[in-house]
Number of protein chains: 2
Amino acid sequence: MAKAQLDELDLQILAALSTRADLTNKALAARLGLAESTCAHRVRGLRDRGVIRDTRIRLDAATLGYPLEAIIKVRLANHTGEKVNALFDALVATPRVLQVFHVAGVDDFLVHVAVQDAAALRDIVLEHITVHPVVRGTETQLVFDLRDGRGVLG
Amino acid sequence: MAKAQLDELDLQILAALSTRADLTNKALAARLGLAESTCAHRVRGLRDRGVIRDTRIRLDAATLGYPLEAIIKVRLANHTGEKVNALFDALVATPRVLQVFHVAGVDDFLVHVAVQDAAALRDIVLEHITVHPVVRGTETQLVFDLRDGRGVLG
DNA sequence: TATGAAAGAGTGGGGCT
DNA sequence: AGCCCCACTCTTTCATA
């Protein structure tokens, strides 16, 4: 995806929608002083160009019965491309996994999970991660709190 | 937030909306074989109960001119509650910061950033992170790839 | 609690500037 | 590009079961 040229209006739209993604087109147009059709056209353009990837709901893991979040650092024994990708796929497909970072450095993967209790966390580590022969070790860090930053528009 | 009691229908709604958050209420109702009004009430209930926290758009950082993502691990010298919170606030308010994990363990914070190039990354580390006296050290890991997992419903 | 129907609100295309 | 208009779709309220 190449760098898109965005004018000031595009940035305003993105800023507004970043605050409230469920803003109606009518409300968004009113806020920016645009005609509704113009606004709708712009937003569609941003989606078509891939600037807005998609719209997602955020669930409250605790309310759903998974109050314990952790980051599991995964270190590999070797870095054969094929095995790394297979592991990546496996991690992403593991229940209770929220996101998986594939990183360069001391660790190879950072796995963000939400589980019901410590036992469930142990099960994930033992049954879904260290079972893979390519995994050399893991280190788990409890997540006290997770907050969103200002993002790329900040 | 206490654990909410969710029936099978609630879970189906959450699963459907997790796939496509921009599904119209009409389409959602049709998919689940519900009356539109019933479906709307259910969804509103899930929002009111906090099960659905909010709706967000996901921006493509690369398209916006920030193609380089990294995780910056931050380690503290001491852990006075007040200073830790102040640093947390500062990290979250830093431009280009996507999310900040406050974790227990070797590291204290994991800062996920998206920047335009290596120089910008260095500037964040030097000017926004290591400037805080409480920060004892950082370690930066380039993010090759980031994928979403199955989530808590998986 | 779920439903259907009707009133109200929002959307998006066409023709125009 | 942006705007206005209008037909269409979707949402929401309400009476009813």
Side-chain angles (χ1 to χ4, degrees), chain A residues 1-66 151-154, chain B residues 1-66 116 151-153:
Chain A
M1 184 66 65
K3 197 184 322 190
Q5 76 283 341
L6 300 160
D7 62 18
E8 188 53 40
L9 194 48
D10 287 322
L11 293 175
Q12 284 183 269
I13 290 171
L14 294 177
L17 288 180
S18 293
T19 310
R20 293 193 52 80
D22 57 347
L23 215 55
T24 63
N25 181 66
K26 183 192 179 93
L28 179 60
R31 178 179 302 200
L32 303 183
L34 289 174
E36 293 164 24
S37 56
T38 305
C39 188
H41 198 249
R42 286 280 191 156
V43 173
R44 166 168 307 226
L46 289 167
R47 288 187 190 279
D48 290 347
R49 285 191 280 166
V51 181
I52 297 175
R53 294 170 57 196
D54 58 13
T55 306
R56 317 214 59 179
I57 56 170
R58 289 199 303 175
L59 300 179
D60 188 300
T63 304
L64 283 159
Y66 305 99
V152 289
L153 302 174
Chain B
M1 184 65 67
K3 197 182 322 190
Q5 75 281 339
L6 302 159
D7 62 19
E8 188 54 39
L9 193 48
D10 287 322
L11 293 175
Q12 282 183 272
I13 289 172
L14 294 176
L17 288 180
S18 293
T19 310
R20 292 194 54 79
D22 58 348
L23 214 57
T24 63
N25 180 67
K26 185 192 176 94
L28 180 60
R31 178 179 301 200
L32 302 184
L34 289 173
E36 291 166 24
S37 52
T38 306
C39 188
H41 275 116
R42 286 281 190 153
V43 173
R44 170 168 308 218
L46 288 167
R47 288 188 189 277
D48 290 347
R49 284 191 279 166
V51 180
I52 297 175
R53 292 170 57 196
D54 57 14
T55 306
R56 314 216 59 175
I57 56 170
R58 288 200 303 176
L59 300 178
D60 189 300
T63 305
L64 283 159
Y66 305 99
Q116 56 212 4
V152 290
L153 301 174

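Keep in mind that the numbers below use all heavy atoms, side chains included, and drop hydrogens, waters and symmetry copies. Below, chain A is the first sequence line, B the second, and so on; all start at residue 1.
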- Item | Contact boundaries on DNA chain C for chain B, cut-off under 4.0 Å to non-hydrogen atoms |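 First-to-last contact on DNA chain C, by the 4.0 Å heavy-atom rule, is C:dA2 to C:dG4.
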- Message: Using the rule side-chain contact (heavy atoms from CB on, under 4.5 Å), only one of A:L32, A:L28, A:L34 pairs with A:Q12; which is it?
- Response: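 Only one option passes, and that is A:L32.
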What residues, two or more places apart in sequence or in another chain, satisfy side-chain contact (heavy atoms from CB on, under 4.5 Å) together with [X]?
X     : answer
B:A30 : none
A:A35 : A:S37, A:T38
A:R56 : A:D54, B:R58, B:D148

With sequence neighbours left out, write down each residue that passes side-chain hydrogen bond (donor to acceptor under 3.5 Å, both in side chains) with [X], or none if nothing qualifies.
X     : result
A:R31 : none
A:D7  : A:R42
A:S18 : none

- Message: Using only atom types and a distance under 3.5 Å, with no angle test, would you say the side chain of B:R53 pairs donor to acceptor with the backbone of A:A61?
- Response: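 No: the side chain of B:R53 does not pair with the backbone of A:A61.
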- Measure the shortest side-chain to side-chain distance between A:L59 and B:L153 over non-hydrogen atoms and say whether it is less than 4.5 angstrom.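 In short, these two side chains touch, coming nearer than 4.5 Å.
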- Query: Just checking A:L23: base, sugar-phosphate only, or nothing, at a heavy-atom cut-off of under 4.0 Å?
  - Reply: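 The residue A:L23 makes no contact with any strand.
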- Item | CD1-CZ distance between B:I57 and A:R20, expressed to the nearest 0.5 angstrom |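 Between atom CD1 of B:I57 and atom CZ of A:R20 there are 12.5 Å.
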- Item | Pairwise distance OG1(B:T55) to CG(A:L17) - rounded to 0.5 angstrom |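 Interatomic distance, B:T55 OG1 to A:L17 CG, rounded to 0.5 Å: 11.5 Å.
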- DNA chain C contacts among residues 35-47 of chain B, heavy-atom distance under 4.0 Å: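 Residues of residues 35-47 of chain B that come under 4.0 Å of DNA chain C are, in numerical order, B:A35, B:S37, B:T38, B:R42.
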- Inspect the contact between A:D22 and B:R47 and indicate whether a charged nitrogen and a carboxylate oxygen are less than 4.0 angstrom apart.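 Judged by the 4.0 Å cut-off on N to carboxylate O distance, B:R47 and A:D22 do not form a salt bridge.
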- Query: Got a sec? Which of residues 11-19 of chain B come in under 4.0 Å of DNA chain D, heavy atoms?
  - Reply: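 When residues 11-19 of chain B is checked for heavy atoms under 4.0 Å from DNA chain D, there are no hits whatsoever.
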- Query: What are the residues of residues 25-34 of chain B, sorted by number, that bring a heavy atom to within less than 4.0 Å of DNA chain D?
  - Reply: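 Residues of residues 25-34 of chain B that come under 4.0 Å of DNA chain D are, in numerical order, B:N25, B:K26.
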Looking only at non-hydrogen atoms, find the nearest pair between [X] and [Y] and report the distance.
X     : Y     : value
B:D60 : B:A62 : OD1-N, 3.0 Å
A:Q5  : A:R49 : O-NH1, 3.0 Å
A:A29 : A:E36 : CB-CA, 3.8 Å
A:T63 : B:G50 : OG1-O, 4.2 Å

- Message: Could you go through B:L64 and A:L14, starting from their C-alpha distance and side-chain angles, then the distance that decides it, and tell me whether this counts as side chain to side chain contact (heavy atoms under 4.5 Å, CB included)?
- Response: CA-CA 11 Å; B:L64 283 159; A:L14 294 177; 3.9 Å; yes
- Item | End axis versus end axis in the helix from C:dT1-D:dA17 to C:dT17-D:dA1, the angle rounded to 10°, five pairs used at each terminus |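 End-to-end axis angle: 30°.
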- Identify the 5'-most and 3'-most nucleotides of DNA chain D with at least one atom closer than 4.0 Å to a non-hydrogen atom of chain B.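 From 5' to 3', the first and last contacting nucleotides are D:dC10 to D:dT13.
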